[in-house]
S.K.: 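Dropping a structure here in structure tokens format, bear with me for questions.
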Amino acid sequence: MKIFNSLTGKKETFKPKVKNQVSIYICGLTPYDDIHIGHARTFINFDVIVRFFKFTKYKVNYVRNITDVDDKIILRAKEDGISVLDLSKKYIEEMHHDFSSLGIEDPDQEPKVSDHINEIIAMIKSLEDKGYAYTKNDSDVYFDVQKYDDYGSLSNRSLDQISSSERIIKDLNKNHEADFVLWKTNTDGISWPSPWGEGRPGWHIECSAMSIKYLGEEFDIHGGGLDLKFPHHENEIAQAKCATQKNFASTWMHTGPLRIEDEKMSKSLKNFITVKEILNKFHPEVVRLFFLLTHYRNPISYSNDGLSNAKKILDRFYLAFNKKNISKEFSEDNSLIKDYELAMKDDFNTPKAIKILQSYIGNLEKTSDDNLNKFGSLKKILNSLGLFKDEPENYFKYGDLDIQENEIELLINERNRARENKDFGLADDIRTKLKAKGIVLEDLEGKTVWKKS
RNA sequence: GGCUGAGUGGCAGAGUGGUCAUGCAGCGGAUUGCAAAUCCGUCUACGCCGGUUCGAUUCCGACCUCAGCCUCCA
């Protein structure tokens, strides 16, 4: 298995700390709003990565945190007039609902900041004891980046580069511009007692503290969206290494960014599309396949055309399994499994893996019907990617309708009567009328079925 | 300005030093009352300029263009 390690910038052979076991920590999200398709991309990518480890018989310990104490949450809670933890609880529920809709499996652990204040304080204390943390004039507690020689090694930047950056805002209490807050002495919204007074954790420290608690001071994989690489992950590494004097995570993985119709999607641009919105239009597996059609490290441009294309590809798989003469007793084809694993073992090359499945289905259909029972391995692989879990009938009817289902049935009956009477003009009018509503009719042997286009 | 990555056919998107990516779309045909699905056939490619090589889309160098990060972000 080869994985691209962001820390070294190279594809490396993956060597877990314990044979056939993987410890993996993924930075989850800050719950203060509905999740958007950028989140969907990242967590679907890691879902597939974790599923593949399991597929190849690794024992996986997957931790994905929730940052439920944060300035944005506090601000939003104030606006809504509710408590900080009530607000985050609400959006955690929404997140679970949306993840579940997308077929994202639960992690083994899902730690929250508010439940780990003691661990966080202990880590800051340890940093302070070792001389890596400081406070001035009753300021927040800062991490002293100049005390840590390797600062910037993940994101390839030096302290000089950071302090010469154009967007720096001077904070007089800091020793260096890149110093970041470990403990905020701010009691607004939510706070806990600490050796540095009432306050709350800064951003970054929670992930170092929680990953170490659940996976140990050294573990296999740490990942998240590319936008977390700097400063979040850089700071996590600095804190964790300085506090423990150990190596922290050995492999760092970052998923590529998502753009919307060729424009960057970001919180500040407010141009994000929520998962709920997209699921009104597209089946969750179409969304999933759309993301898997691009390698996890490459940027994706979200577009309706892209989703439609993914739908066509997934339709093909569902159609193949929907043949009337197909046996339910599928047999296995080890050569397909082998080809699939080969593609995935090369840094989780899902586009290549899916290409293999697409060609396979075409070749099998071209030969003989007997071969169709070889679909067993294909089904197994699709399922392991989180695809082909639905019933074909549900799949093809998924999405908002502009017309009642019973009305469709009535029109189908009317059309079939017209066909019996050879009134093809009327029959075609009905077909056209339904098509305008996004309904496609198919005349199969003895019956007519409908689908969403 | 700094760091990182990318430029492939109408579109999406892999990959490789010398026969095909693949899929969608298009075009022609089979099939169908018409469709859908399926099948057969078919077209379009590797940013620009040099270098290495018997041969480069693939390796090396320059150039151009684009994107991400350097602010909140998955």
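Lettering of chains follows the sequences in order, A, B, ..., and the numbering in each one begins at 1. Keep in mind it's a predicted model, so treat the numbers as computed, not measured.
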S.K.: Partner lookup for B:G50, please. Criteria are Watson-Crick or G-U wobble with both distances under 3.5 angstrom; report none if nothing qualifies.
M.R.: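 Per the H-bond distance test, B:C60.
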S.K.: Any ion pair linking A:Asp71 and A:Arg200 (charged N to carboxylate O, less than 4.0 Å)?
M.R.: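 Result for this pair is yes, salt bridge flagged.
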S.K.: Measuring from the side chain of A:Glu442 (C-beta onward, heavy atoms only), which nucleotide among B:A36, B:A74, B:U22 has the closest atom?
M.R.: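 Of the candidates, B:A36 comes closest.
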S.K.: Using whole Å, what does the distance between atom C1' of nucleotide B:A21 and atom CG of A:Leu293 come to?
M.R.: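 Nearest whole value for this atom pair: 14 Å.
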S.K.: Less than 3.5 Å between a donor and an acceptor, one on the side chain of A:Asp227 and one on the base of B:G68, is that the case here?
M.R.: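 Answer no: no donor N or O sits under 3.5 Å from an acceptor.
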S.K.: With a cut-off of under 6.0 Å to the ring centre and 45° to the axis, is A:Arg64 in cation-pi contact with A:Phe46?
M.R.: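 Judged by the rule, A:Arg64 and A:Phe46 form no cation-pi pair.
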S.K.: Both distances below 3.5 Å, Watson-Crick or wobble geometry, any strand: find the nucleotide opposite B:A45.
M.R.: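 Its partner: none found.
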S.K.: To the side chain of A:Gln358, which of B:G33, B:G23, B:A74 is closest?
M.R.: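 The answer is B:G23.
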S.K.: Do A:Arg259 and B:G68 share a donor-acceptor pair, side chain to base, under 3.5 Å?
M.R.: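 Not at all, since no donor on one side and acceptor on the other fall under 3.5 Å apart.
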S.K.: Go through the N and O atoms of the side chain of A:Arg431 and the base of B:A35, and report whether any donor-acceptor pair is under 3.5 Å.
M.R.: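 Indeed, a donor on one side and an acceptor on the other fall under 3.5 Å apart.
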S.K.: By nearest atom, which of the nucleotides B:C72, B:G33, B:U22 is closest to the A:Arg419 side chain?
M.R.: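 Closest of the options to the side chain of A:Arg419: B:G33.
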S.K.: Between B:A74, B:C72, B:G33, spot the one nearest the side chain of A:Phe424, thanks.
M.R.: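 It is B:G33.
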S.K.: Expressed as a whole number of angstroms, how long is the span from A:Arg157:CZ to B:G5:P?
M.R.: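 Atom CZ in A:Arg157 sits about 13 Å away from atom P in B:G5.
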S.K.: Rounded to whole Å, please give me the gap between CZ in A:Phe46 and P in B:A74.
M.R.: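 The distance from CZ of A:Phe46 to P of B:A74 comes to 13 Å, rounded to the nearest Å.
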S.K.: I'd like to know whether NZ of A:Lys380 has more than 12 heavy-atom contacts from other residues, nucleotides or ligands below 6.0 angstrom.
M.R.: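 Open: at most 12 neighbouring heavy atoms sit under 6.0 Å from NZ of A:Lys380.
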S.K.: The side chain of A:Leu319 lies closest to which of these nucleotides: B:A37, B:G33, B:A74?
M.R.: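 Comparing B:A37, B:G33, B:A74 against the side chain of A:Leu319, the answer is B:A37.
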S.K.: Looking at A:Glu79 and A:Arg76, is any side-chain nitrogen of the basic one under 4.0 Å from a carboxylate oxygen of the acidic one?
M.R.: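 A salt bridge links A:Arg76 with A:Glu79.
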S.K.: Where the side chain of A:Phe230 is concerned, which of B:C69, B:A21, B:A14 is the nearest nucleotide?
M.R.: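 Ranking B:C69, B:A21, B:A14 by closest atom to the A:Phe230 side chain puts B:C69 first.
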S.K.: Would you kindly give the OH-to-P distance between A:Tyr360 and B:A14, to the nearest whole Å?
M.R.: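 It works out to 24 Å between those atoms.
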S.K.: May I have the distance from A:Asn349 (atom CG) to B:U16 (atom C1'), rounded to whole angstrom?
M.R.: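 For the pair A:Asn349 CG and B:U16 C1', the rounded distance is 13 Å.
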S.K.: When you measure only distances, ignoring hydrogens and angles, does the side chain of A:Asp443 come within 3.5 Å of the base of B:C34 through a donor and an acceptor?
M.R.: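 Counting by modelled atom types and ignoring angles, a donor-acceptor contact under 3.5 Å is found here.
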